[in-house]
Amino acid sequence: MQEILFNQIDGIKIGNAQNLNGPTGCTVVICEEGASAGVDVRGGSPGTRETDLLDPVNLVDKIHAVVLSGGSAFGLDAASGAMQYLEERNIGFDVTVTKIPIVCSAVLFDLVIGDHKIRPDKSMGYEACVNSELNQCKEGNIGAGTGATVGKILGPEYSMKGGLGCYALQVGDLKVGAVIAVNCLGDVIDPATGEIIAGVLDKDKKNFAGTEKIMINNYSEKKNLFSGNTTIGVVVTNAKFSKSEMNKIASMAHNGYGRSMRPAHSIFDGDTIFTMATGKVEADINVVGLLAAKVVEQAVVRAVKNAEGIFGYKAYKDMI
């Protein structure tokens with residue numbers, strides 16, 4: 001088993017676009033040939049597009065792109081830019097008069113950092129697709145991770161900077177990779193050590209206060225955290241699977257969230273993972289599922305380790 005770059009998965013392109021004045025942005029993962037896909041939405045405050053289509057009982061069996069976006073529900077507009085880009089290139093589900101690109105999307109809440117009136121829109125989604133032609137794996141304050149923050153139980157003042165992370169593994173001819181935008185309510189944990197590497201800060205902002213500890217100590221308080229969170233991502237493989245199998249792999253991939261974020265899947269998070277399979281290699285679903293969890297957990301770690309402090313938010317690099 002060896003590490004590879006996310007963009008080394010054949011048939012897949014990744015692109016980002018952002019506005020640093022927001023700060024906010026979007027990330028697109030494109031499979032022009034179409035990919036068998038699934039999704040698992042675990043958080044209680046999701047913002048998504050075209051997830052019902054991924055139910056195995058429904059007609060369309062392949063998607064052409066996934067857009068991860070900031071901007072809360074406003075950011076779903078970025079997917080329209082991806083549709084325009086793909087239709088211009090004659091990519092999509094053939095309905096005789098045109099081809100309709102099947103574009104799934106999920107959004108995270110980043111409106112409290114910077115200018116909340118700046119959100120990913122159709123033009124930014126299109127720009128991310130144009131940038132996918134370079135197919136570069138950028139991390140940190142980029143794309144959907146541009147305005148992402150973590151550790152928000154005590155509010156923005158004690159939060160830290162999240163970001164976008166990419167990680168991929170290869171075993172023989174099998175490849176599995178993940179791109180994750182980390183914007184969780186809780187703390188980010190390094191699974192290798194069990195230690196917090198980013199999260200809610202204590203009063204002096206030099207150490208971590210521990211989100212789970214705070215929540216447990218205040219169990220009787222029913223706070224409304226305005227759903228200002230959500231970690232979203234895409235797992236891609238070159239293996240061959242059906243839609244139902246891809247939905248199962250999406251479920252297994254969430255183990256990576258559980259290993260790297262505490263707590264994960266809260267009622268205030270909209271935690272979502274899409275899966276895409278290009279159908280080139282035969283593989284066991286259990287192996288791909290466990291690899292999916294591995295690449296997700298490492299993508300989460302890389303997202304915060306590559307983030308930069310902005311707008312007064314400390315980053316991992318500022319704590320070491």
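Here the structure is a predicted model, which means the values were calculated and not measured.
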Undergrad: Tell me if the CZ atom of F74 is crowded by more than 12 foreign heavy atoms within 6.0 Å.
TA: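 At most 12 heavy atoms, drawn from other residues, nucleotides or ligands, come within 6.0 Å of this atom.
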
Undergrad: Rounded to the nearest 0.5 Å, how far apart are CG of L108 and CD1 of I232?
TA: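 So the gap between those two atoms works out to 4.5 Å.
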
Undergrad: Are I180 and Y257 side-chain neighbours, meaning at least one heavy-atom pair lies under 4.5 Å?
TA: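 Side-chain contact under 4.5 Å: yes.
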
Undergrad: Would you say the side chain of M319 lies within less than 4.5 Å of the side chain of M160, judging by non-hydrogen atoms?
TA: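 Yes, their side chains come closer than 4.5 Å.
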
Undergrad: Is there side-chain contact between T211 and P263, with heavy atoms separated by less than 4.5 Å?
TA: yes

Undergrad: Between SG of C137 and CG of L5, what distance do you get to the nearest 0.5 Å?
TA: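 So the SG of C137 and the CG of L5 are separated by 5.5 Å.
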
Undergrad: Would you say the side-chain atoms of D77 pair up with the backbone N or O of P120, donor to acceptor, closer than 3.5 Å?
TA: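 No, the answer is negative, given that no donor and acceptor are paired below the 3.5 Å cut-off.
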
Undergrad: Flag yes if more than 12 heavy atoms outside K240 fall under 6.0 Å of its NZ atom; otherwise flag no.
TA: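 At most 12 heavy atoms, drawn from other residues, nucleotides or ligands, come within 6.0 Å of this atom.
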
Undergrad: Taking it one step at a time, do I142 and L164 satisfy side-chain contact (heavy atoms from CB on, under 4.5 Å)?
TA: CA-CA 6 Å; I142 196 79; L164 187 77; 3.6 Å; yes

Undergrad: Please tell me whether V28 and I102 are part of a single hydrophobic cluster in this structure, the criterion being side-chain heavy atoms less than 4.5 Å apart.
TA: yes

Undergrad: Are more than 12 heavy atoms, taken from residues, nucleotides or ligands other than K317, located less than 6.0 Å from that residue's NZ atom?
TA: yes

Undergrad: In Å, rounded to the nearest 0.5 Å, how long is the span from OG1 of T231 to CG of L185?
TA: 9.5 Å

Undergrad: Quick one: do the E33 and T278 side chains pair a donor with an acceptor below 3.5 Å?
TA: no

Undergrad: Has N247 got a side-chain atom pairing as donor or acceptor with L54's backbone, closer than 3.5 angstrom?
TA: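 Judged by distance alone, yes, a pair lies under 3.5 Å.
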
Undergrad: Please check if the side chain of D271 supplies one atom and the backbone of R42 the other of a donor-acceptor pair under 3.5 Å.
TA: no

Undergrad: Under 6.0 Å from the six-membered ring centre of Y158 and within 45° of its axis: does the NZ or CZ of K203 meet both?
TA: yes

Undergrad: As an exercise, state the distance from SG of C184 to NE2 of H265, rounded to the nearest 0.5 Å.
TA: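 Rounded to the nearest 0.5 Å, the SG-NE2 separation comes out at 11.0 Å.
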
Undergrad: Does a side-chain N-to-carboxylate-O contact under 4.0 Å join E308 and K161?
TA: no

Undergrad: Can you check whether M246's main-chain N or O pairs, donor with acceptor, with T275's side chain at less than 3.5 Å?
TA: yes

Undergrad: Taking H254 for its side chain and D40 for its backbone only, find out whether a donor-acceptor pair lies under 3.5 Å.
TA: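 Present.
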
Undergrad: Could you walk me through whether M83 and H64 pass side-chain contact (heavy atoms from CB on, under 4.5 Å), step by step?
TA: CA-CA 9 Å; M83 289 193 69; H64 304 96; over 6 Å; no

Undergrad: Mind checking whether L68 and V188 sit in one hydrophobic cluster, side chains of I, L, V, M, F, W, Y counted as touching below 4.5 Å?
TA: no

Undergrad: Please evaluate residues E297 and V300 with respect to the criterion side-chain contact (heavy atoms from CB on, under 4.5 Å), reporting the C-alpha separation (whole Å), side-chain torsions for both, the decisive distance (0.1 Å), and the verdict.
TA: CA-CA 5 Å; E297 70 174 51; V300 170; 5.7 Å; no

Undergrad: Do the side chains of P156 and T149 get nearer than 4.5 Å, heavy atoms only?
TA: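 Contact flag for T149/P156 side chains = no.
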
Undergrad: Would you say the side chain of N131 lies within less than 4.5 Å of the side chain of N16, judging by non-hydrogen atoms?
TA: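 Sidechains of N131 and N16: no contact.
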
Undergrad: Checking the side chain of S105 only, and the main-chain atoms of V67 only, is there a donor and an acceptor separated by less than 3.5 Å?
TA: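 Yes; at least one donor-acceptor contact below 3.5 Å.
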
Undergrad: Work out which heavy atom in D190 is nearest to a heavy atom in V301; give both atom names and the distance.
TA: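 Distance-wise, the nearest heavy atoms are CA-CG2, 4.3 Å.
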
Undergrad: Looking at N58 and K243, what are the two nearest heavy atoms and their distance?
TA: O-NZ, 3.0 Å

Undergrad: Going only through I, L, V, M, F, W and Y residues with side-chain contacts under 4.5 Å, is there a path from I197 to L201?
TA: yes

Undergrad: Can you name the closest pair of heavy atoms from A283 and V288 and give their distance?
TA: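 Looking at all heavy atoms of both residues, the shortest contact is CB-CG2, 3.9 Å.
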
Undergrad: For the residue pair Y126 and Y85, categorise the inter-ring angle as parallel (less than 30°), tilted (30 to 60°) or perpendicular (more than 60°).
TA: perpendicular

Undergrad: Contact between T51 and T272 at the side-chain level, heavy atoms closer than 4.5 Å - yes or no?
TA: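 With C-beta onward as the side chain, the pair stays apart.
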
Undergrad: Quick one, M261 and V150 - any side-chain contact, counting heavy atoms below 4.5 Å?
TA: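 Answer no - side chains too far apart.
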
Undergrad: Could you tell me which non-hydrogen atom of S45 sits nearest to which non-hydrogen atom of T230, and how far apart they are?
TA: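 That would be O-OG1, 3.8 Å.
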
Undergrad: I need the L53 CG to D61 CG distance, nearest 0.5 Å.
TA: 9.5 Å

Undergrad: For T146 and P23, work out which heavy atoms get closest and say how close.
TA: CG2-CB, 3.7 Å

Undergrad: Centre of Y167's six-membered ring, under 6.0 Å away, within 45 degrees of the axis: is that where NZ or CZ of R302 sits?
TA: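 That pair does not qualify as a cation-pi contact.
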
Undergrad: Is a side-chain donor or acceptor of N7 paired with a backbone partner of N135 at a separation under 3.5 angstrom?
TA: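 The answer is yes, because a donor-acceptor pair under 3.5 Å joins these two groups.
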
Undergrad: Would you say V112 and F311 are hydrophobically clustered, going by side-chain heavy atoms of ILVMFWY under 4.5 Å?
TA: yes

Undergrad: Could you check whether atom NZ of K62 has more than 12 heavy atoms from other residues, nucleotides or ligands sitting under 6.0 Å from it?
TA: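 More than 12 within 6.0 Å, yes.
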
Undergrad: Quick one: closest heavy-atom pair of V39 and A250, and the distance?
TA: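 Taking V39 first and A250 second, the nearest heavy atoms are C-CB, 3.7 Å.
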
Undergrad: Can K294 and L290 be said to form a side-chain contact (heavy atoms from CB on, under 4.5 Å), step by step?
TA: CA-CA 6 Å; K294 284 182 178 291; L290 72 86; 4.2 Å; yes

Undergrad: Does any N or O in the side chain of N255 come within less than 3.5 Å of the main-chain N or O of M252, such that one atom is a donor and the other an acceptor?
TA: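 Yes; at least one donor-acceptor contact below 3.5 Å.
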
Undergrad: Rounded to the nearest 0.5 Å, how far apart are OH of Y313 and CD1 of I113?
TA: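 Nearest 0.5 Å value for the OH-CD1 distance: 5.0 Å.
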
Undergrad: Could you verify whether a donor N or O on one side chain and an acceptor N or O on the other, from K138 and N306, lie under 3.5 Å apart?
TA: no

Undergrad: Do any N or O atoms from the side chain of N217 and from the backbone of I214 form a donor-acceptor pair under 3.5 angstrom?
TA: no

Undergrad: Any donor-acceptor pair under 3.5 Å linking the side chain of D110 with the backbone of G71?
TA: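 Judged by distance alone, yes, a pair lies under 3.5 Å.
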
Undergrad: Please determine whether a side-chain nitrogen of the Lys or Arg among E32 and K13 lies less than 4.0 Å from a carboxylate oxygen of the Asp or Glu.
TA: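 The answer is yes: the pair qualifies as a salt bridge.
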
Undergrad: Determine whether I91 and V130 fall in the same hydrophobic cluster, where Ile, Leu, Val, Met, Phe, Trp and Tyr are linked whenever their side-chain heavy atoms lie under 4.5 Å apart.
TA: yes

Undergrad: State, yes or no, whether a side-chain contact exists between T237 and L174 at a heavy-atom distance under 4.5 Å.
TA: yes

